[in-house]
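These notes concern the structure reproduced below.
So that the names make sense, note that chain A is the first sequence line, chain B the second, and so on, each numbered from 1.
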There are 2 protein chains.
Amino acid sequence: MNNNPSANKTPHIVIVGGGFAGLYAAKELGNAPVKVTLVDKRNFHLFQPLLYQVATGSLSPAEICSPLRLVVGRNENTRVVLDEVVDVDPDKKQVIMQEGVLNYDKLIIGTGVSHHYFGNDQWEDEAPGLKSIENALDIRRKIFLAFEEAEKVSSPEEKQEWLTFAIVGGGPTGVELAGAIAEIAHKVIKDDFQEIDTTKAKILLIEGMDRVLPPYSPDLSKKAQESLEELGVTVLTQRMVTNIENNTLSIRHGEESEEIKARTILWAAGVKASGLAKVLAERTNAETDRAGRIIVEPNLSLSECPDIYVVGDLAHFAHQDNKPLPGIAPVAMAQGKYMAKSIKDEIKGKPVAPFKYVDKGSLAVIGDNHAVVDLGFVKLSGLIAWLVWVFAHIYYLIEFDNKLTVMLQWGWNYLTRGRGARLITGEISEKDLVTKSFSNPHYPVPETAPDPEKETIKV
Amino acid sequence: MNNNPSANKTPHIVIVGGGFAGLYAAKELGNAPVKVTLVDKRNFHLFQPLLYQVATGSLSPAEICSPLRLVVGRNENTRVVLDEVVDVDPDKKQVIMQEGVLNYDKLIIGTGVSHHYFGNDQWEDEAPGLKSIENALDIRRKIFLAFEEAEKVSSPEEKQEWLTFAIVGGGPTGVELAGAIAEIAHKVIKDDFQEIDTTKAKILLIEGMDRVLPPYSPDLSKKAQESLEELGVTVLTQRMVTNIENNTLSIRHGEESEEIKARTILWAAGVKASGLAKVLAERTNAETDRAGRIIVEPNLSLSECPDIYVVGDLAHFAHQDNKPLPGIAPVAMAQGKYMAKSIKDEIKGKPVAPFKYVDKGSLAVIGDNHAVVDLGFVKLSGLIAWLVWVFAHIYYLIEFDNKLTVMLQWGWNYLTRGRGARLITGEISEKDLVTKSFSNPHYPVPETAPDPEKETIKV
């Protein structure tokens, strides 16, 4: 009886992961006759679509994060647990966490995806990806330290290496990162240095396919590339990365192969399922796709475990147009809402319809006031598209937690170009900082100069 | 001739440290006929007086930090160098940095102070102090994790330990931290948990003297203590901390000694000179006080090295009222401005007057809308004092870098009590998280429960 929510006992819905899918499911179940437990290893929801703005110093972490307890913790029927789920026992109907165990009647898993280096995980050190707040702050440190180092080093070659930024992957994240870095170098900080001309910085966007934003329509890809080039981004398509080592990017282009020296390399090329997916697949004999995502039924459940559901980026849902849905926030939100509705329907004894995604369109921003938007019935680009983008993001941000300050912060940034958030925090490691030589008219180096690699500099 | 700024050669003024003293000196020298080099190991100025608000999650780091290049980097005659000064050579007139060397005609050192555990540095692990942005984020993590742990643990004793917050030191920082933590526990998050009543949290403020805010007048101390107690803070005066170990605070009170169990212990009791002071004293035979601060001449220079000056918290200036000036922002700002003016006067051939500090009064904030202010001619407390406090801080914040968003963020926090910035970021170590047991109605723990200490939880 335990697994029958229509039993007298109030069913316990356990939701793992406070991303868009999990959080929307929890929100919508707040008024349902169920007990809800939301488990996440973080105490906040991260508004992923704006993470690149934290990485490029125009927003602060708090501006795109909403404490989970603030969003759903006050619902009478909802518990928030700060813990990490490490295993699932479908027979006992339990999830095993680092610090405890939960019994569930229905289990909803939305733990998302992480970076995928296609079997070259050693690249991660030199080419970090952008998934967490910590990633974003690390990338921010890399970007702004690069200019500081370029200012200090003496050899022109080394200066240019520090002033070369390579972004691997021409999807929305890569496009947004490249555009934002170009804005920084060419506009925001162009008057801040004396020994370097930041407008000489090279920003390279490297894509394997024949155009950026492959999921979009070709003409929007074209518009996106044009705007990127206007901003000073060099777009390199049909390039495969074959190696990343010693600040050098090895690339294959058809028959030719080339090497690019860059002190800042960012990875936006691939994703793979979060660690929990593997365990889940073993325990439930669920099928997974090449990226390790769980293949789900039309109602998002697992074929062999009808009371376990997988939602968001972690779910491979291919019951529509015979191709899997993209791993984007709108799909995750829709699946979260669907889960809540289908649970409510089941309790009411209503039939549960299969999940259907209505594509409201896709958008990507390029620099401070330019974007491309594909709403299906109409395609937009330029300022108007950017305004649509801003509106859409503010609208969803505010759904969680009033984030009006974000809009003000943006307005402020665009007026002042202050980039107040461009702080270098955390600890600078040898890896970040490898200045070999150091001299310029102001800073003569005598024989007695100390060994620059003597010790790590704390910042 | 090199050390004579009135020589034909443009004198090179090297300023070490971008705090209030160093930054104001650099700002005011921006239009002087000198070359200025500002060296700091961070790329931003930290507005220390509001650091406790980052630690308690009502402001984000970026809101109290201003990039140095933004404040002074655009002055034609000014260079900003991101590096750490490790040594000084008064004979060669050089400062030695991790990555290079600078020649100076005049050297201004304002590297400030750090925590002082009075010979018990082992206490720092359990009782961190509040000086850097990283300190603030660590303390924020400690505070908000404590409530999460209290929610999860089963034994009432352990719950109470997690809900006990001890702040050592009743100066402005201690008072502000205690007040803010009380606000959080008693107001901000009181509806967010199910297994604990956060209003039962114990916030202890421990002071060695017979009253809080010893530098203030006795009646203001009294008012401050009353407001703290209204907020739910327990003020313990005439208590000496004799040991901190295993989440236990050992305290001596007259003849008696007592022990307090607290999972969150914060240190706001003492400061000592930054590392550079010791080296400087050795190289220049400068005298230092008990805290290691450099004793300076009436013009802030060193008796044996007239072209080296020490400013801000690092300087021990006792030529006024026969007692050293306090280590507070207004003194540092005044000394920075004085340095700039005296250098300009010297270049013009004008006589240089000794430094004189005009006390504009002292203030401390208690909770969200209460403060005490001593303007000398008038003493204020309550809301009116708080408004004075807010005005003063916003005024100085804005001097550097328009930080209107801070005011908006504050307004927003007071309206919503959202504390959007209460994110737990960084990595949680075993030290943060030592839950031994874990069970409550929702989370039955079977025999098969994994060892909670198995591994570090990443957040």
- Query: Who pairs with B:Ser132 by side chain to side chain contact (heavy atoms under 4.5 Å, CB included), at least two apart in sequence or on another chain?
  - Reply: B:Glu134, B:Asn135
- A:Gln194 side chain vs B:Gly73 backbone, donor-acceptor pair below 3.5 Å: yes
- Taking the side chain as C-beta and beyond, is there a heavy-atom pair between A:Leu145 and B:Leu82 under 4.5 Å? yes
- Between B:Glu195 and A:Arg79, does at least one N-O distance fall below 4.0 Å, as a salt bridge requires? yes
- Kindly say whether B:Gly100 contributes a backbone atom to a donor-acceptor pair with the side chain of A:Lys152 at under 3.5 angstrom? no
- Message: If you define the side chain from C-beta out and look only at heavy atoms, does anything of B:Glu148 sit under 4.5 Å from A:Arg69?
- Response: yes
- Can you tell me how far CZ of A:Arg74 sits from CD1 of B:Ile189, rounded to the nearest 0.5 angstrom? 9.5 Å
